[in-house]
Amino acid sequence: MKFYQLPISERRKMLLQNGIKLNHVDDDLLSELDLLSENVIGKLTLPLSVLQTAIVNGQSFQVPMATEESSVVAAANHGLNIFNQNGGVSAKSERTGIWGQLVFEVAEFSLAEFEAKKPDYLKLVNEEFASLVKHGGGVRQIIAEVKTDLLFLRVLVDPAESMGANRTNTILEFLGQKISQDFTIEKLYAILSNYPSQYTCAKVSLAFASLTKTKDEKIGEKIAQKIVLLSKIGQEDPYRAVTNNKGIMNGVDAILLATGNDFRAVEAACHQAASLSGSYQSLSNWRIEDNKLVGEIKLPLAIGVVGGSIKSRSDVQVAYRILRQVTASELAEIIAAVGLANNLAALLAISTVGIQKGHMSLQIRNVLKNLTATDEEKNSVKELMQKQKRYSETDAKKFLQEIREENN
Ligand code: MEV
C-alpha cells in the first residue's frame, strides 16, 4: 500500500517508528483533516484573533484573522482605530467574475465562424450549469483570439458567492469538449486563470490630528507628508514596494486564512496587479488632498463565502459566525480595508518611531512569558530590555541573573 492509501493512524505510526515524535490530535479532528489533504499526519495550529471594530461603508464588523506574526493584529487594530475616528473606510468590490483559459491547437481556424456560434455556446453552458445561474452567477463572456496555430479562449465566469475555482474548471472542460467536437480541433489545456479579477477598492480620508496620539494637527501634518513620501518611494522603488505590499498582505492573508479562502490565488493575482505598469509597484497609494491624508488600495480578491472547502471546515465556520454571514462583496471590502489599515500602521511606525518599537514590545512579551521568574523580576527584566534595546531570550536570562545577584 502506498503511504497516501494508509489509514491516518498507520501513517502516524510509521513516523513514530522512524523516531519522529508527533503531537496528540483528537481522532475526530484527524479524520476531518484527512479529508482535506493527502498524506495527512497531524495538524498545524495558528492563533485565531478578532478585530473588534472595522467600519466599512458605514457598517461595523468584527473581523477574524489567523496569523502567527505577533504584530499583524496589533497593526490592523491601530490602523482601523484611526480609520474609525475618521468615519471608517469606503470600499467597493466588483464581482465581475474570474477568468478561465481554454487553448486549442489549430492549423486552420475560422474565427468568424466561432464568433457566430459564440452566443449558442454561452446559452448552452449557462443551461448546463443552471444551478450556478440560479445562485446569481454564470458564464458572462468568451473572448477568442488566434495566435500562431493556437486558439486562445478567455472565459469569464461569475462564481456568485463562491471562490469558483472548481466550478470554473468544470465549465471549461465542458466547453472544451463541445468546441473540440464542433470544430474538430484538439484541446491543449483548460484551466482557470488567476490573472487579476474581482477587483476591490478601499479608500480613507484622514484628519492630520488623528495620526498622532496627542491629536496635534501640525505634527500630524508632518507625519502625513512623510507617509506621502514613503508612498511615492513605493511607486518608484521595487525594494520598498515589495515590503509595502508584504505589510498589506499581512492583513489580507490573515483574513483569507481565517475564512478558508485560497490565499495563494490572491497572492499570485496581487503579484500581477502590482506589476501592471511594467514595473513592480505598491498596491496602495497615499496623498494629501484638502488638508487630509487620503489612502487608497486596489486588490484583486477572487474570494468566496460559500463552497465545499469553506462549508466542510468547522474551524472556518467560526470566522463566519464572527463576521455574521457577510456576502462575498462585503468580505472583499473588509479585506481591502484591513489591508489598508495594516499598511497605514506600518507607514506610521516607519515614519515616526521606527518599526522595532512595536515589534519588540511583542517580542519582549513572548520572551517574558517563557522566563521562570516572579512578576516583580519580570517587570525589572522588561525595563532593562527596553532601556538597553536587547530583546533576545539570552538577554532576558542574563538580566534576570544580574537582578538576582544584585538582590542577594
Ligand atoms: C512587517 O511584517 C511588515 C512591514 O515591513 C511592512 C512595511 O514595511 O510597510 C512593517
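Not measured: the values here are computed from a predicted model. The figures here come from the full heavy-atom set of this structure, side chains too, leaving out hydrogens, waters and symmetry mates. Order of appearance sets the numbers: ligands from 1, and atoms from 1 within every ligand.
- With a heavy-atom cut-off of 4.0 Å, Val72 does not touch ligand 1 at all.
- Distances between N or O atoms of Lys246 and those of ligand 1 include at least one value under 3.5 Å.
- The salt bridge (Lys or Arg N to Asp or Glu O under 4.0 Å) pairs that include a residue from residues 371-380 are Glu377-Arg404, where partners are two or more places apart or lie in different chains.
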Output side-chain donor-acceptor pairs under 3.5 Å for residues 246-255, partner residues at least two apart or in another chain, one line each.
from   : atom 1 : to     : atom 2 : distance (Å)
Lys246 : NZ     : Glu69  : OE1    : 2.8
Lys246 : NZ     : Asn250 : OD1    : 3.0

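- Minimum interatomic distance between Ile98 and Ala302 (heavy atoms only, all atoms of both residues): CG2-CB, 3.8 Å.
- The Asn244 neighbourhood of ligand 1 comprises atoms 9 (O), with distances under 4.0 Å to a heavy atom of that residue.
- Between the side chain of Tyr199 and the main chain of Lys298, no donor-acceptor pair closer than 3.5 Å is present.
- The proximity of Arg240 to ligand 1, defined as any non-hydrogen pair under 4.0 Å, is limited to the side chain.
- Heavy atoms of Leu347 found under 4.0 angstrom from ligand 1: none, in either backbone or side chain.
- Each of the atoms 5 (O), 6 (C), 7 (C), 8 (O), 9 (O) of ligand 1 lies under 4.0 Å from some heavy atom of Thr243.
- Side-chain contact check for Glu32 and Ser314: at least one donor-acceptor pair (N or O, by modelled atom type) lies under 3.5 Å.
- Between the Ser279 side chain and the Ser275 main chain, no donor and acceptor come within less than 3.5 Å of each other.
- Atoms of ligand 1 lying under 4.0 Å from any heavy atom of Gly247, numbered from 1 in the order shown and given with element: 3 (C), 6 (C).
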For the pair Phe114 and Tyr121, evaluate ring pair (Phe, Tyr, Trp, His ring centres under 6.0 Å) and give the outcome as yes or no after the intermediate values. CA-CA 10 Å; Phe114 178 79; Tyr121 287 128; 5.8 Å; yes
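- Near Ala346, meaning under 4.0 Å from one of its heavy atoms, ligand 1 places the atoms 6 (C), 7 (C), 9 (O), 10 (C).
- In terms of polar-atom proximity, defined here as any N/O pair under 3.5 Å, Glu69 does make such a contact with ligand 1.
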